[in-house]
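To start, the structure itself, in C-alpha coordinates.
All figures in this text were calculated on a predicted structure; none of them were measured in a lab. A note on names: the letters A, B, ... follow the listed sequences, proteins ahead of strands, and every chain is numbered from 1. Only this structure's heavy atoms are used, side chains among them; waters, hydrogens and symmetry mates stay out.
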2 protein chains.
Amino acid sequence: MRSAAKKTAPTPEVAADRKKQILKAAVEVFAERGFHRTRVSDIAKRAGVAYGLIYHYFESKDDVLNCVFEENWSVFLKVLRDLEANPELAAAQKLRSIAALLIDALQIAPATIQVIIQEVSRSDRFVHTEKVHAFEGAFTVVRQIIEGGQRRGELRADLSAQVGAYIFFGALETICTGFMLGHIRCSTPEEAAVVKHTVELTLLHGLLDPKGAK
Amino acid sequence: MRSAAKKTAPTPEVAADRKKQILKAAVEVFAERGFHRTRVSDIAKRAGVAYGLIYHYFESKDDVLNCVFEENWSVFLKVLRDLEANPELAAAQKLRSIAALLIDALQIAPATIQVIIQEVSRSDRFVHTEKVHAFEGAFTVVRQIIEGGQRRGELRADLSAQVGAYIFFGALETICTGFMLGHIRCSTPEEAAVVKHTVELTLLHGLLDPKGAK
DNA sequence: TCTTCGACTGATTCGTCAGTCAACCATGAG
DNA sequence: CTCATGGTTGACTGACGAATCAGTCGAAGA
(Lines give C-alpha, C1' and ligand atoms only; values in the text may rest on other atoms or scores of the structure.)
Protein backbone atom coordinates (compact mmCIF):
# COMPACT_ATOMS: atom_id res chain seq x y z
CA MET A 1 0.00 0.00 0.00
CA ARG A 2 1.22 3.38 -0.94
CA SER A 3 -0.66 5.07 1.81
CA ALA A 4 1.89 7.83 2.00
CA ALA A 5 0.17 9.81 -0.71
CA LYS A 6 -1.95 12.62 0.57
CA LYS A 7 -5.61 12.75 -0.07
CA THR A 8 -5.26 13.32 -3.80
CA ALA A 9 -3.52 10.10 -4.80
CA PRO A 10 -5.81 7.12 -5.03
CA THR A 11 -3.65 5.25 -7.50
CA PRO A 12 -0.29 6.92 -7.59
CA GLU A 13 1.87 4.38 -9.29
CA VAL A 14 -0.64 1.70 -9.90
CA ALA A 15 -1.22 3.34 -13.24
CA ALA A 16 2.48 3.25 -14.01
CA ASP A 17 2.59 -0.40 -13.04
CA ARG A 18 -0.31 -1.25 -15.26
CA LYS A 19 1.28 0.54 -18.15
CA LYS A 20 4.51 -1.34 -17.61
CA GLN A 21 2.61 -4.57 -17.33
CA ILE A 22 0.97 -3.95 -20.66
CA LEU A 23 4.22 -2.87 -22.28
CA LYS A 24 5.94 -5.99 -21.03
CA ALA A 25 3.22 -8.17 -22.49
CA ALA A 26 3.34 -6.21 -25.72
CA VAL A 27 7.07 -6.72 -26.11
CA GLU A 28 6.60 -10.43 -25.62
CA VAL A 29 3.88 -10.91 -28.17
CA PHE A 30 5.46 -8.51 -30.65
CA ALA A 31 8.65 -10.53 -30.41
CA GLU A 32 6.76 -13.77 -30.89
CA ARG A 33 4.41 -12.88 -33.72
CA GLY A 34 5.57 -9.56 -35.07
CA PHE A 35 3.69 -6.31 -34.81
CA HIS A 36 1.38 -6.83 -37.75
CA ARG A 37 0.35 -10.29 -36.75
CA THR A 38 -0.42 -9.50 -33.14
CA ARG A 39 -3.91 -8.41 -32.31
CA VAL A 40 -4.60 -5.95 -29.58
CA SER A 41 -6.53 -8.75 -27.94
CA ASP A 42 -3.32 -10.79 -27.84
CA ILE A 43 -1.62 -8.09 -25.83
CA ALA A 44 -4.58 -7.87 -23.50
CA LYS A 45 -4.68 -11.60 -23.01
CA ARG A 46 -0.99 -11.83 -22.30
CA ALA A 47 -1.16 -8.96 -19.86
CA GLY A 48 -4.19 -10.50 -18.18
CA VAL A 49 -6.16 -7.37 -18.77
CA ALA A 50 -9.35 -6.40 -20.53
CA TYR A 51 -9.20 -5.42 -24.16
CA GLY A 52 -10.43 -1.91 -23.55
CA LEU A 53 -7.83 -1.15 -20.93
CA ILE A 54 -5.14 -1.02 -23.57
CA TYR A 55 -6.94 2.01 -24.95
CA HIS A 56 -7.11 3.55 -21.54
CA TYR A 57 -3.34 3.71 -21.38
CA PHE A 58 -2.46 4.00 -25.04
CA GLU A 59 -3.78 5.94 -27.98
CA SER A 60 -3.65 3.04 -30.35
CA LYS A 61 -1.83 -0.13 -31.19
CA ASP A 62 0.83 1.95 -32.92
CA ASP A 63 1.21 3.99 -29.78
CA VAL A 64 2.07 0.86 -27.83
CA LEU A 65 4.89 0.09 -30.24
CA ASN A 66 6.06 3.68 -30.07
CA CYS A 67 6.26 3.54 -26.31
CA VAL A 68 8.26 0.33 -26.39
CA PHE A 69 10.62 1.99 -28.77
CA GLU A 70 10.99 5.31 -27.05
CA GLU A 71 11.45 3.90 -23.58
CA ASN A 72 14.37 1.81 -24.68
CA TRP A 73 15.88 3.77 -27.48
CA SER A 74 16.34 6.93 -25.47
CA VAL A 75 18.37 4.98 -22.92
CA PHE A 76 20.52 3.47 -25.62
CA LEU A 77 20.99 6.83 -27.26
CA LYS A 78 22.05 8.46 -24.01
CA VAL A 79 24.74 5.85 -23.44
CA LEU A 80 25.93 6.37 -26.98
CA ARG A 81 26.13 10.13 -26.61
CA ASP A 82 28.04 9.86 -23.35
CA LEU A 83 30.48 7.51 -25.01
CA GLU A 84 30.99 9.79 -27.93
CA ALA A 85 31.63 12.77 -25.71
CA ASN A 86 34.25 11.01 -23.64
CA PRO A 87 37.63 12.39 -24.67
CA GLU A 88 39.51 9.74 -22.72
CA LEU A 89 38.56 6.98 -25.09
CA ALA A 90 40.01 6.17 -28.47
CA ALA A 91 37.57 5.87 -31.33
CA ALA A 92 38.19 2.17 -31.60
CA GLN A 93 37.42 1.75 -27.94
CA LYS A 94 34.15 3.60 -28.34
CA LEU A 95 33.11 1.37 -31.19
CA ARG A 96 34.07 -1.71 -29.23
CA SER A 97 31.94 -0.49 -26.34
CA ILE A 98 28.92 0.04 -28.53
CA ALA A 99 29.21 -3.45 -29.96
CA ALA A 100 29.64 -4.90 -26.50
CA LEU A 101 26.65 -2.97 -25.24
CA LEU A 102 24.42 -4.44 -27.86
CA ILE A 103 25.71 -7.96 -27.64
CA ASP A 104 25.29 -7.94 -23.89
CA ALA A 105 21.81 -6.50 -24.22
CA LEU A 106 20.91 -9.48 -26.35
CA GLN A 107 21.39 -11.71 -23.37
CA ILE A 108 19.52 -9.50 -20.95
CA ALA A 109 16.51 -8.47 -23.00
CA PRO A 110 16.38 -10.37 -26.25
CA ALA A 111 12.70 -9.74 -26.84
CA THR A 112 13.08 -6.00 -26.52
CA ILE A 113 16.00 -5.88 -28.90
CA GLN A 114 14.14 -8.06 -31.31
CA VAL A 115 11.11 -5.82 -31.33
CA ILE A 116 13.15 -2.69 -31.83
CA ILE A 117 15.23 -4.19 -34.59
CA GLN A 118 12.54 -6.06 -36.41
CA GLU A 119 9.44 -4.04 -35.94
CA VAL A 120 10.68 -0.53 -35.60
CA SER A 121 13.79 -0.28 -37.66
CA ARG A 122 12.02 -1.88 -40.52
CA SER A 123 8.30 -1.64 -40.79
CA ASP A 124 6.76 1.25 -42.62
CA ARG A 125 9.91 3.22 -42.76
CA PHE A 126 8.35 5.98 -44.71
CA VAL A 127 5.34 6.40 -42.54
CA HIS A 128 6.95 6.80 -39.17
CA THR A 129 9.36 9.53 -39.97
CA GLU A 130 9.99 10.23 -36.31
CA LYS A 131 11.51 6.80 -35.94
CA VAL A 132 13.81 7.32 -38.84
CA HIS A 133 14.97 10.46 -37.06
CA ALA A 134 15.54 8.55 -33.85
CA PHE A 135 17.70 6.08 -35.70
CA GLU A 136 19.57 8.85 -37.36
CA GLY A 137 20.44 10.10 -33.90
CA ALA A 138 22.30 6.94 -32.97
CA PHE A 139 23.69 6.73 -36.39
CA THR A 140 25.05 10.25 -36.30
CA VAL A 141 26.87 9.47 -33.08
CA VAL A 142 28.71 6.61 -34.72
CA ARG A 143 29.55 8.75 -37.71
CA GLN A 144 30.96 11.40 -35.41
CA ILE A 145 33.01 8.82 -33.56
CA ILE A 146 34.48 7.67 -36.84
CA GLU A 147 35.13 11.21 -37.99
CA GLY A 148 36.80 12.01 -34.69
CA GLY A 149 38.98 8.97 -35.01
CA GLN A 150 39.89 9.97 -38.53
CA ARG A 151 40.87 13.48 -37.46
CA ARG A 152 43.08 12.12 -34.74
CA GLY A 153 44.72 9.68 -37.08
CA GLU A 154 43.38 6.65 -35.26
CA LEU A 155 41.14 5.51 -38.07
CA ARG A 156 41.71 5.44 -41.79
CA ALA A 157 40.90 8.79 -43.27
CA ASP A 158 40.40 7.57 -46.80
CA LEU A 159 36.89 6.25 -46.37
CA SER A 160 33.42 7.67 -46.00
CA ALA A 161 32.49 7.99 -42.34
CA GLN A 162 28.88 7.99 -43.40
CA VAL A 163 29.12 4.66 -45.15
CA GLY A 164 31.36 3.32 -42.43
CA ALA A 165 28.74 4.11 -39.82
CA TYR A 166 26.15 2.29 -41.87
CA ILE A 167 28.39 -0.73 -42.15
CA PHE A 168 29.00 -0.71 -38.44
CA PHE A 169 25.33 -0.56 -37.57
CA GLY A 170 24.38 -3.02 -40.22
CA ALA A 171 26.84 -5.51 -38.86
CA LEU A 172 25.40 -5.21 -35.38
CA GLU A 173 21.83 -5.34 -36.57
CA THR A 174 22.39 -8.50 -38.50
CA ILE A 175 24.13 -10.12 -35.59
CA CYS A 176 20.99 -9.47 -33.60
CA THR A 177 18.97 -11.08 -36.34
CA GLY A 178 21.28 -14.06 -36.43
CA PHE A 179 20.88 -14.43 -32.71
CA MET A 180 17.11 -14.34 -32.98
CA LEU A 181 17.14 -17.00 -35.65
CA GLY A 182 19.30 -19.14 -33.43
CA HIS A 183 22.19 -19.04 -35.88
CA ILE A 184 24.51 -17.03 -33.71
CA ARG A 185 24.95 -18.16 -30.17
CA CYS A 186 25.82 -15.54 -27.63
CA SER A 187 23.93 -16.46 -24.53
CA THR A 188 26.93 -17.24 -22.38
CA PRO A 189 29.77 -14.84 -21.66
CA GLU A 190 32.11 -17.11 -23.61
CA GLU A 191 29.93 -17.17 -26.70
CA ALA A 192 29.44 -13.44 -26.44
CA ALA A 193 33.19 -12.97 -26.26
CA VAL A 194 33.64 -14.84 -29.53
CA VAL A 195 31.11 -12.60 -31.22
CA LYS A 196 32.67 -9.44 -29.83
CA HIS A 197 36.09 -10.63 -30.88
CA THR A 198 34.92 -11.31 -34.40
CA VAL A 199 33.28 -7.90 -34.63
CA GLU A 200 36.49 -6.27 -33.48
CA LEU A 201 38.68 -8.20 -35.88
CA THR A 202 36.38 -7.80 -38.84
CA LEU A 203 35.53 -4.15 -38.50
CA LEU A 204 38.60 -2.69 -36.85
CA HIS A 205 41.43 -4.87 -38.11
CA GLY A 206 39.88 -6.24 -41.25
CA LEU A 207 39.29 -9.76 -42.46
CA LEU A 208 42.57 -9.93 -44.33
CA ASP A 209 45.30 -11.81 -42.59
CA PRO A 210 48.24 -9.38 -42.26
CA LYS A 211 50.65 -12.29 -42.62
CA GLY A 212 48.76 -13.62 -45.56
CA ALA A 213 50.44 -13.98 -48.91
CA LYS A 214 49.02 -11.58 -51.44
CA MET B 1 -2.12 -4.59 -81.12
CA ARG B 2 -0.21 -7.84 -81.03
CA SER B 3 -1.47 -8.97 -84.38
CA ALA B 4 1.83 -10.63 -85.25
CA ALA B 5 0.95 -13.96 -83.69
CA LYS B 6 0.32 -16.67 -86.25
CA LYS B 7 -2.71 -18.87 -86.14
CA THR B 8 -1.30 -21.26 -83.56
CA ALA B 9 -0.32 -18.64 -81.09
CA PRO B 10 -3.34 -17.22 -79.47
CA THR B 11 -1.53 -16.49 -76.26
CA PRO B 12 1.76 -18.26 -76.21
CA GLU B 13 3.82 -15.69 -74.46
CA VAL B 14 1.11 -13.19 -73.82
CA ALA B 15 0.55 -15.00 -70.58
CA ALA B 16 4.21 -14.68 -69.69
CA ASP B 17 4.08 -11.03 -70.63
CA ARG B 18 1.05 -10.41 -68.51
CA LYS B 19 2.67 -12.10 -65.58
CA LYS B 20 5.78 -10.00 -65.99
CA GLN B 21 3.69 -6.90 -66.34
CA ILE B 22 1.95 -7.65 -63.07
CA LEU B 23 5.20 -8.52 -61.33
CA LYS B 24 6.77 -5.29 -62.49
CA ALA B 25 3.86 -3.29 -61.16
CA ALA B 26 3.96 -5.25 -57.92
CA VAL B 27 7.62 -4.51 -57.36
CA GLU B 28 6.96 -0.83 -57.88
CA VAL B 29 4.10 -0.51 -55.43
CA PHE B 30 5.70 -2.83 -52.89
CA ALA B 31 8.76 -0.61 -52.98
CA GLU B 32 6.67 2.50 -52.58
CA ARG B 33 4.27 1.45 -49.86
CA GLY B 34 5.56 -1.79 -48.45
CA PHE B 35 3.91 -5.16 -48.82
CA HIS B 36 1.45 -4.82 -45.97
CA ARG B 37 0.22 -1.44 -47.01
CA THR B 38 -0.30 -2.23 -50.68
CA ARG B 39 -3.67 -3.50 -51.67
CA VAL B 40 -4.07 -5.98 -54.44
CA SER B 41 -6.10 -3.30 -56.16
CA ASP B 42 -3.01 -1.07 -56.12
CA ILE B 43 -1.08 -3.67 -58.04
CA ALA B 44 -3.92 -4.07 -60.50
CA LYS B 45 -4.22 -0.35 -61.00
CA ARG B 46 -0.51 0.11 -61.54
CA ALA B 47 -0.41 -2.78 -63.98
CA GLY B 48 -3.44 -1.41 -65.83
CA VAL B 49 -5.26 -4.65 -65.32
CA ALA B 50 -8.46 -5.81 -63.70
CA TYR B 51 -8.41 -6.79 -60.06
CA GLY B 52 -9.40 -10.35 -60.68
CA LEU B 53 -6.70 -10.97 -63.22
CA ILE B 54 -4.10 -10.97 -60.49
CA TYR B 55 -5.76 -14.11 -59.20
CA HIS B 56 -5.68 -15.66 -62.62
CA TYR B 57 -1.90 -15.54 -62.60
CA PHE B 58 -1.15 -15.80 -58.91
CA GLU B 59 -2.44 -17.85 -56.02
CA SER B 60 -2.60 -14.96 -53.63
CA LYS B 61 -1.03 -11.68 -52.71
CA ASP B 62 1.68 -13.59 -50.85
CA ASP B 63 2.33 -15.59 -53.98
CA VAL B 64 3.07 -12.40 -55.87
CA LEU B 65 5.72 -11.46 -53.34
CA ASN B 66 7.13 -14.96 -53.46
CA CYS B 67 7.49 -14.79 -57.21
CA VAL B 68 9.26 -11.46 -57.03
CA PHE B 69 11.62 -12.99 -54.55
CA GLU B 70 12.28 -16.26 -56.27
CA GLU B 71 12.79 -14.78 -59.71
CA ASN B 72 15.51 -12.51 -58.47
CA TRP B 73 17.04 -14.37 -55.61
CA SER B 74 17.78 -17.49 -57.61
CA VAL B 75 19.76 -15.40 -60.06
CA PHE B 76 21.70 -13.75 -57.29
CA LEU B 77 22.37 -17.07 -55.65
CA LYS B 78 23.63 -18.61 -58.84
CA VAL B 79 26.16 -15.82 -59.31
CA LEU B 80 27.25 -16.26 -55.72
CA ARG B 81 27.73 -19.99 -56.09
CA ASP B 82 29.72 -19.57 -59.27
CA LEU B 83 31.94 -17.07 -57.55
CA GLU B 84 32.50 -19.30 -54.60
CA ALA B 85 33.43 -22.22 -56.78
CA ASN B 86 36.00 -20.29 -58.77
CA PRO B 87 39.43 -21.45 -57.63
CA GLU B 88 41.16 -18.65 -59.52
CA LEU B 89 39.95 -15.98 -57.18
CA ALA B 90 41.22 -15.06 -53.76
CA ALA B 91 38.65 -14.93 -50.98
CA ALA B 92 39.01 -11.18 -50.69
CA GLN B 93 38.33 -10.83 -54.38
CA LYS B 94 35.20 -12.90 -54.10
CA LEU B 95 33.90 -10.76 -51.29
CA ARG B 96 34.71 -7.62 -53.22
CA SER B 97 32.78 -8.97 -56.18
CA ILE B 98 29.72 -9.71 -54.10
CA ALA B 99 29.72 -6.23 -52.67
CA ALA B 100 30.18 -4.73 -56.10
CA LEU B 101 27.38 -6.87 -57.47
CA LEU B 102 24.94 -5.56 -54.92
CA ILE B 103 26.00 -1.96 -55.12
CA ASP B 104 25.72 -2.01 -58.87
CA ALA B 105 22.36 -3.69 -58.69
CA LEU B 106 21.20 -0.81 -56.56
CA GLN B 107 21.62 1.47 -59.53
CA ILE B 108 20.00 -0.83 -62.02
CA ALA B 109 17.01 -2.10 -60.09
CA PRO B 110 16.63 -0.22 -56.84
CA ALA B 111 12.98 -1.11 -56.40
CA THR B 112 13.62 -4.82 -56.71
CA ILE B 113 16.45 -4.74 -54.21
CA GLN B 114 14.33 -2.71 -51.88
CA VAL B 115 11.48 -5.16 -51.98
CA ILE B 116 13.71 -8.13 -51.40
CA ILE B 117 15.58 -6.50 -48.55
CA GLN B 118 12.67 -4.84 -46.85
CA GLU B 119 9.76 -7.07 -47.46
CA VAL B 120 11.22 -10.49 -47.75
CA SER B 121 14.30 -10.57 -45.62
CA ARG B 122 12.36 -9.11 -42.78
CA SER B 123 8.65 -9.57 -42.60
CA ASP B 124 7.23 -12.60 -40.91
CA ARG B 125 10.52 -14.31 -40.65
CA PHE B 126 9.15 -17.16 -38.73
CA VAL B 127 6.22 -17.81 -40.95
CA HIS B 128 7.91 -18.16 -44.28
CA THR B 129 10.51 -20.68 -43.39
CA GLU B 130 11.31 -21.32 -47.03
CA LYS B 131 12.60 -17.80 -47.34
CA VAL B 132 14.83 -18.16 -44.36
CA HIS B 133 16.29 -21.19 -46.10
CA ALA B 134 16.82 -19.19 -49.25
CA PHE B 135 18.71 -16.58 -47.34
CA GLU B 136 20.72 -19.20 -45.60
CA GLY B 137 21.80 -20.38 -49.04
CA ALA B 138 23.45 -17.09 -49.88
CA PHE B 139 24.70 -16.78 -46.42
CA THR B 140 26.32 -20.18 -46.45
CA VAL B 141 28.19 -19.28 -49.60
CA VAL B 142 29.76 -16.30 -47.90
CA ARG B 143 30.64 -18.37 -44.88
CA GLN B 144 32.31 -20.91 -47.14
CA ILE B 145 34.24 -18.19 -48.91
CA ILE B 146 35.52 -16.94 -45.58
CA GLU B 147 36.36 -20.43 -44.39
CA GLY B 148 38.20 -21.11 -47.62
CA GLY B 149 40.16 -17.91 -47.22
CA GLN B 150 41.02 -18.85 -43.68
CA ARG B 151 42.25 -22.27 -44.70
CA ARG B 152 44.47 -20.78 -47.35
CA GLY B 153 45.85 -18.22 -44.95
CA GLU B 154 44.36 -15.30 -46.83
CA LEU B 155 41.95 -14.33 -44.11
CA ARG B 156 42.38 -14.20 -40.37
CA ALA B 157 41.77 -17.63 -38.90
CA ASP B 158 41.04 -16.44 -35.39
CA LEU B 159 37.47 -15.36 -35.97
CA SER B 160 34.13 -17.02 -36.47
CA ALA B 161 33.36 -17.41 -40.15
CA GLN B 162 29.71 -17.66 -39.23
CA VAL B 163 29.65 -14.32 -37.48
CA GLY B 164 31.88 -12.82 -40.12
CA ALA B 165 29.42 -13.80 -42.81
CA TYR B 166 26.63 -12.16 -40.87
CA ILE B 167 28.65 -9.00 -40.51
CA PHE B 168 29.39 -8.97 -44.20
CA PHE B 169 25.77 -9.39 -45.20
CA GLY B 170 24.56 -7.00 -42.58
CA ALA B 171 26.88 -4.33 -43.85
CA LEU B 172 25.60 -4.74 -47.38
CA GLU B 173 22.00 -4.87 -46.33
CA THR B 174 22.26 -1.68 -44.38
CA ILE B 175 23.99 0.08 -47.23
CA CYS B 176 20.98 -0.78 -49.33
CA THR B 177 18.74 0.66 -46.66
CA GLY B 178 20.82 3.82 -46.48
CA PHE B 179 20.52 4.15 -50.20
CA MET B 180 16.77 3.79 -50.08
CA LEU B 181 16.51 6.43 -47.41
CA GLY B 182 18.60 8.72 -49.57
CA HIS B 183 21.39 8.81 -47.01
CA ILE B 184 23.92 7.01 -49.09
CA ARG B 185 24.42 8.14 -52.63
CA CYS B 186 25.55 5.61 -55.12
CA SER B 187 23.71 6.40 -58.29
CA THR B 188 26.72 7.39 -60.33
CA PRO B 189 29.75 5.20 -60.95
CA GLU B 190 31.85 7.64 -58.92
CA GLU B 191 29.57 7.52 -55.91
CA ALA B 192 29.36 3.77 -56.17
CA ALA B 193 33.13 3.59 -56.22
CA VAL B 194 33.33 5.47 -52.94
CA VAL B 195 30.92 3.04 -51.35
CA LYS B 196 32.75 0.01 -52.69
CA HIS B 197 36.03 1.44 -51.52
CA THR B 198 34.69 2.02 -48.03
CA VAL B 199 33.31 -1.49 -47.87
CA GLU B 200 36.64 -2.88 -48.90
CA LEU B 201 38.63 -0.82 -46.43
CA THR B 202 36.25 -1.38 -43.56
CA LEU B 203 35.67 -5.08 -43.91
CA LEU B 204 38.87 -6.31 -45.45
CA HIS B 205 41.50 -3.95 -44.09
CA GLY B 206 39.73 -2.69 -40.99
CA LEU B 207 38.87 0.77 -39.82
CA LEU B 208 42.06 1.18 -37.82
CA ASP B 209 44.72 3.24 -39.47
CA PRO B 210 47.81 1.03 -39.72
CA LYS B 211 49.99 4.10 -39.30
CA GLY B 212 47.86 5.28 -36.41
CA ALA B 213 49.40 5.76 -32.99
CA LYS B 214 48.18 3.16 -30.55
C1' DT C 1 -25.20 6.66 3.68
C1' DC C 2 -24.84 8.74 -0.71
C1' DT C 3 -22.11 10.64 -4.44
C1' DT C 4 -18.24 11.02 -7.34
C1' DC C 5 -14.50 9.54 -9.92
C1' DG C 6 -11.74 6.84 -12.52
C1' DA C 7 -9.89 2.30 -13.34
C1' DC C 8 -11.66 -1.44 -15.69
C1' DT C 9 -14.66 -4.51 -18.79
C1' DG C 10 -15.90 -6.68 -23.30
C1' DA C 11 -19.69 -6.79 -26.74
C1' DT C 12 -20.55 -3.98 -30.65
C1' DT C 13 -19.44 -1.11 -34.49
C1' DC C 14 -17.21 0.04 -38.48
C1' DG C 15 -13.84 0.13 -42.07
C1' DT C 16 -10.81 -2.45 -44.82
C1' DC C 17 -9.22 -5.74 -47.93
C1' DA C 18 -8.19 -10.53 -49.73
C1' DG C 19 -10.22 -13.52 -52.45
C1' DT C 20 -14.48 -15.20 -55.36
C1' DC C 21 -17.44 -15.63 -59.19
C1' DA C 22 -20.61 -15.01 -62.80
C1' DA C 23 -20.69 -12.70 -66.77
C1' DC C 24 -18.08 -10.66 -70.79
C1' DC C 25 -15.46 -10.49 -74.84
C1' DA C 26 -12.13 -12.06 -78.63
C1' DT C 27 -10.44 -15.43 -81.36
C1' DG C 28 -10.20 -19.55 -83.80
C1' DA C 29 -12.37 -23.97 -85.37
C1' DG C 30 -16.08 -26.45 -87.39
C1' DC D 1 -22.83 -18.43 -88.45
C1' DT D 2 -22.22 -20.93 -84.22
C1' DC D 3 -19.91 -22.81 -80.69
C1' DA D 4 -16.05 -23.42 -77.55
C1' DT D 5 -12.08 -21.86 -75.13
C1' DG D 6 -9.77 -19.04 -72.15
C1' DG D 7 -8.10 -14.53 -70.98
C1' DT D 8 -10.37 -10.68 -68.77
C1' DT D 9 -13.50 -7.91 -65.90
C1' DG D 10 -15.01 -5.71 -61.43
C1' DA D 11 -18.88 -5.84 -58.17
C1' DC D 12 -19.53 -8.52 -54.28
C1' DT D 13 -18.79 -11.17 -49.90
C1' DG D 14 -16.95 -12.66 -45.84
C1' DA D 15 -13.58 -12.36 -42.35
C1' DC D 16 -10.82 -10.05 -39.53
C1' DG D 17 -9.38 -6.74 -36.24
C1' DA D 18 -8.82 -1.82 -34.52
C1' DA D 19 -11.23 1.26 -31.98
C1' DT D 20 -15.39 2.64 -29.36
C1' DC D 21 -18.63 3.13 -25.68
C1' DA D 22 -22.08 2.19 -22.47
C1' DG D 23 -21.77 0.37 -18.46
C1' DT D 24 -19.71 -2.14 -13.84
C1' DC D 25 -17.18 -1.89 -9.72
C1' DG D 26 -14.67 -0.24 -5.69
C1' DA D 27 -12.65 3.21 -3.07
C1' DA D 28 -12.40 7.93 -1.23
C1' DG D 29 -14.78 11.96 0.36
C1' DA D 30 -18.85 14.51 2.11
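- Remark: B/D17 does not engage B/K20 in a salt bridge, criterion side-chain N to carboxylate O under 4.0 Å.
- B/K45 has its NZ atom 12 Å from the C1' atom of D/dG10, to the nearest Å.
- Across C/dT9, D/dA19, C/dA18, the shortest atom-to-atom separation from the side chain of A/L53 is found for C/dT9.
- Distance, B/K19 NZ to D/dG7 P: 12 Å, rounded to whole Å.
- Counting only heavy atoms from C-beta outward, the side chains of A/R33 and A/R39 approach each other to under 4.5 Å.
- Whole-Å rounding puts the A/R18 CZ to C/dG6 P distance at 17 Å.
- Between B/R37 and C/dC17, a side-chain N or O to OP1/OP2 separation shorter than 4.0 Å is absent.
- In this structure, CZ of B/F35 is placed 12 Å from C1' of C/dC17, rounded to the nearest angstrom.
- Distance, B/I22 CD1 to D/dG7 P: 12 Å, rounded to whole Å.
- The distance from atom CD1 of A/I54 to atom C1' of C/dG10 is 13 Å, rounded to the nearest whole Å.
- Ion pairing between a basic and an acidic side chain is recognised when a charged N comes within 4.0 Å of a carboxylate O; A/R46 and A/E32 show such pairing.
- For A/Y57 and C/dA7, a side-chain-to-base donor-acceptor distance below 3.5 Å is absent, hydrogens and geometry of angles not being considered.
- In this structure, B/K196 does not pair ionically with B/E200, as no charged nitrogen and carboxylate oxygen lie closer than 4.0 Å.
- Checking the phosphate oxygens (OP1, OP2) of C/dC8, no side-chain nitrogen or oxygen of A/H56 falls inside 4.0 Å.
- Between B/K61 atom NZ and D/dA15 atom C1' there is a gap of 15 Å when expressed in whole angstrom units.
- Using bins of under 30°, 30° to 60° and over 60° for the plane-to-plane angle, the ring pair B/H36/A/H36 lands in the parallel bin.
- Rounded to whole Å, the distance from NE2 on A/H36 to P on C/dT16 is 17 Å.
- Closest approach to the B/R39 side chain among C/dG10, D/dG7, C/dA18 is made by C/dA18 (side chain taken as heavy atoms from C-beta onward).
- At a cut-off of 3.5 angstrom, the base of D/dA18 holds no donor-acceptor pair with the side chain of A/Y55.
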